[in-house]
Amino acid sequence: MSEAATISSVSHAVRLVELLARASKAMSVSELAKSLDLPRPTVYRLLRTLQSFNWTVQDGTTYRLSYRLPGLFAAPDDLTALVDRIKPLLSRLAAETRETVHFAVAEGDRVVYLAKVDSPHPIRMFSYVGWHGPMHATAVGKALLAWPTLSPAIDRICDEGLHRYTARTIVDKDSLLAELERTRARGYAVDDEELIDGLICLAAPVLSDDRVIGAISVAGPSNRMREIDTFASLLLACAAQ
């Protein structure tokens with residue numbers, strides 16, 4: 001195709017995505033600009049646009065592709081192996097609780113679902129692999145924030161402002177910190193209709209050598225999630241494996 005028949009900004013974005021897909025590590029704006037032979041401001045604008053669609057993630061001064069498009073770009077081998085290992089556990093937890101189960105990790109200052117097993121009930125949680133959500137208003141997000149590895153993210157999230165999704169959403173830093181303390185004390189996080197009215201979610205961290213690498217959650221309508229202790233016991237047993 002001739003250059004005249006293409007849209008330059010789209011071409012640049014495609015080249016940038018392909019470069020990040022091939023890269024063995026996250027890249028800085030300078031590295032991207034040099035590799036693509038583009039001005040730094042152009043690369044920065046492209047990255048900001050891709051970030052708005054959750055295609056890229058900023059890690060400090062470097063950028064990488066997100067996990068939003070599973071199957072299109074290969075996930076890191078260790079992450080793929082972890083998801084494969086955890087899927088049978090999610091299936092068992094979903095069978096035990098008869099509710100929707102997810103596995104999520106932190107991506108930037110948000111959470112992303114990497115695996116999901118649906119509830120057998122006709123009324124179930126609408127979600128999908130690749131969905132990104134807020135840390136402060138989700139059980140998986142609070143489970144990830146509560147352990148030391150992600151504690152630096154708390155200040156950034158609070159500085160950006162805690163968006164209110166429902167009347168129950170935590171929207172101030174002191175209340176969030178207190179909730180994270182409760183989360184650590186009991187070993188699991190609770191989203192008590194904080195993201196969606198009528199939806200309750202519990203989440204427990206997946207730990208490796210005291211480092212949090214993800215979180216498993218079980219979610220369902222509030223009228224089916226009354227036996228919190230029972231759900232929490234099953235969830236914690238699953239996460240421990």
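Since the structure is predicted, the reported quantities are computational estimates derived from the model, not experimental observations. In this chain, residues are counted from 1 in sequence order. Just so it is clear, the values below take in all heavy atoms, side chains as well, and ignore hydrogens, waters and symmetry mates.
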Asker: Are any of the side-chain heavy atoms of Glu193 and Ile200 separated by less than 4.5 Å?
Answerer: yes
Asker: Show the nearest heavy-atom pair for residues Val105 and Leu144, with the distance to one decimal.
Answerer: C-CD1, 3.8 Å
Asker: Check the hydrophobic clustering (I, L, V, M, F, W, Y; side-chain heavy atoms under 4.5 Å; chains of links allowed) and say if Phe53 and Val57 are grouped together.
Answerer: no
Asker: With sequence neighbours left out, write down each residue that passes side chain to side chain contact (heavy atoms under 4.5 Å, CB included) with Glu31, or none if nothing qualifies.
Answerer: Lys25, Met27, Ser28
Asker: Please tell me if the side chains of Val29 and Leu47 come closer than 4.5 Å, counting only heavy atoms from C-beta onward.
Answerer: yes
Asker: Could you pull out the closest heavy-atom pair between Ala143 and Thr183, with the gap in Å?
Answerer: CA-CG2, 4.4 Å
Asker: For Asp59 and Thr62, run side-chain hydrogen bond (donor to acceptor under 3.5 Å, both in side chains): C-alpha distance rounded to whole Å, both residues' side-chain angles, the deciding distance at 0.1 Å, then the answer.
Answerer: CA-CA 5 Å; Asp59 290 330; Thr62 61; 5.2 Å; no
Asker: Could you state the interatomic distance from CG (Leu93) to CZ (Arg98), rounded to the nearest 0.5 Å?
Answerer: 13.5 Å
Asker: To the closest 0.5 Å, what do you measure between NE2 (His12) and CG (Leu36)?
Answerer: 9.0 Å
Asker: Report the C-alpha distance between Val218 and Tyr188 in whole Å, list the side-chain angles of each, state the deciding distance to 0.1 Å, and finish with yes or no for side chain to side chain contact (heavy atoms under 4.5 Å, CB included).
Answerer: CA-CA 11 Å; Val218 56; Tyr188 63 92; over 6 Å; no
Asker: Count the heavy atoms of every other residue, nucleotide or ligand shown that sit under 6.0 Å from CG of Asp37, and state whether that count exceeds 12.
Answerer: no
Asker: Measure the CD1-CZ distance between Ile213 and Phe103 for me, rounded to the nearest 0.5 Å.
Answerer: 6.0 Å
Asker: Would you please test Ile154 and Leu180 for side chain to side chain contact (heavy atoms under 4.5 Å, CB included) and show each step?
Answerer: CA-CA 10 Å; Ile154 297 172; Leu180 296 180; 3.5 Å; yes
Asker: How many angstroms lie between CD1 in Ile170 and CG in Leu176, if you round to the nearest 0.5 Å?
Answerer: 5.5 Å
Asker: Taking Arg48 for its side chain and Gln51 for its backbone only, find out whether a donor-acceptor pair lies under 3.5 Å.
Answerer: no
Asker: Answer yes or no: is there a side-chain heavy-atom contact under 4.5 Å between Leu195 and Pro134?
Answerer: yes
Asker: His102 pairs by ring-ring contact (aromatic ring centres under 6.0 Å, His included) with which of Tyr113, Trp131, Tyr128?
Answerer: Tyr113
Asker: Does Glu179 come within less than 4.0 Å of Arg182, counting only side-chain N to carboxylate O?
Answerer: yes
Asker: Kindly give the heavy-atom pair with the smallest separation between Met225 and Gly220, and that separation in Å.
Answerer: CG-O, 3.5 Å
Asker: Between Leu38 and Leu16, is any pair of side-chain heavy atoms under 4.5 Å apart?
Answerer: no
Asker: What pair of heavy atoms forms the shortest contact from Thr97 to Leu234, and how long is it?
Answerer: CG2-CD1, 3.8 Å
Asker: Let's go through Lys173 and Asp155 carefully: what are the C-alpha distance in whole Å and the side-chain angles of both, what is the deciding distance for salt bridge (Lys or Arg N to Asp or Glu O under 4.0 Å) to 0.1 Å, and is it a yes or a no?
Answerer: CA-CA 8 Å; Lys173 185 175 183 178; Asp155 289 336; 2.5 Å; yes
Asker: Give the intermediate values and the outcome of salt bridge (Lys or Arg N to Asp or Glu O under 4.0 Å) for residues Glu107 and Arg110.
Answerer: CA-CA 5 Å; Glu107 186 158 69; Arg110 295 175 72 77; over 6 Å; no
Asker: Taking Ser222 for its side chain and Leu199 for its backbone only, find out whether a donor-acceptor pair lies under 3.5 Å.
Answerer: no
Asker: Answer yes or no: is there a donor N or O on one side and an acceptor on the other, between the side chain of His163 and the main chain of His136, under 3.5 Å?
Answerer: no
Asker: Would you mind reporting whether Val112 and Ser66 have side-chain heavy atoms less than 4.5 Å apart?
Answerer: no
Asker: With rounding to the nearest 0.5 Å, note down the distance linking CG in Leu20 to CG in Leu32.
Answerer: 5.5 Å
Asker: Quick one: do Val14 and Glu18 satisfy side chain to side chain contact (heavy atoms under 4.5 Å, CB included)? Show the steps, please.
Answerer: CA-CA 6 Å; Val14 170; Glu18 289 180 341; 3.9 Å; yes
Asker: Could you tell me if Arg40 and Ser30 have a donor-acceptor pair between their side chains, going purely by distance under 3.5 Å?
Answerer: yes
Asker: What's the shortest heavy-atom distance between Leu207 and Val212, and which atoms?
Answerer: CD2-CA, 3.6 Å
Asker: Would you check if Leu50 and Tyr63 make a side-chain contact, meaning some heavy-atom pair closer than 4.5 Å?
Answerer: no
Asker: Taking side chain as C-beta onward, heavy atoms only, is Thr100 less than 4.5 Å from Lys116?
Answerer: yes
Asker: Determine whether Leu145 and Ile157 satisfy the following criterion, side chain to side chain contact (heavy atoms under 4.5 Å, CB included), listing intermediate values before the conclusion.
Answerer: CA-CA 10 Å; Leu145 282 175; Ile157 291 167; 4.0 Å; yes
Asker: Indicate the atoms forming the closest heavy-atom contact of Gly187 with Ala204, along with that distance.
Answerer: O-CB, 4.1 Å
Asker: Supply the atom-to-atom distance Cys158 SG to Met135 CE, rounded to the nearest 0.5 angstrom.
Answerer: 11.5 Å
Asker: Under a 4.5 Å cut-off applied to non-hydrogen side-chain atoms, are Trp55 and Thr49 in contact?
Answerer: no
Asker: Sub-3.5 Å donor-acceptor pair from the side chain of Thr166 to the main-chain atoms of Arg168, do we have one?
Answerer: yes
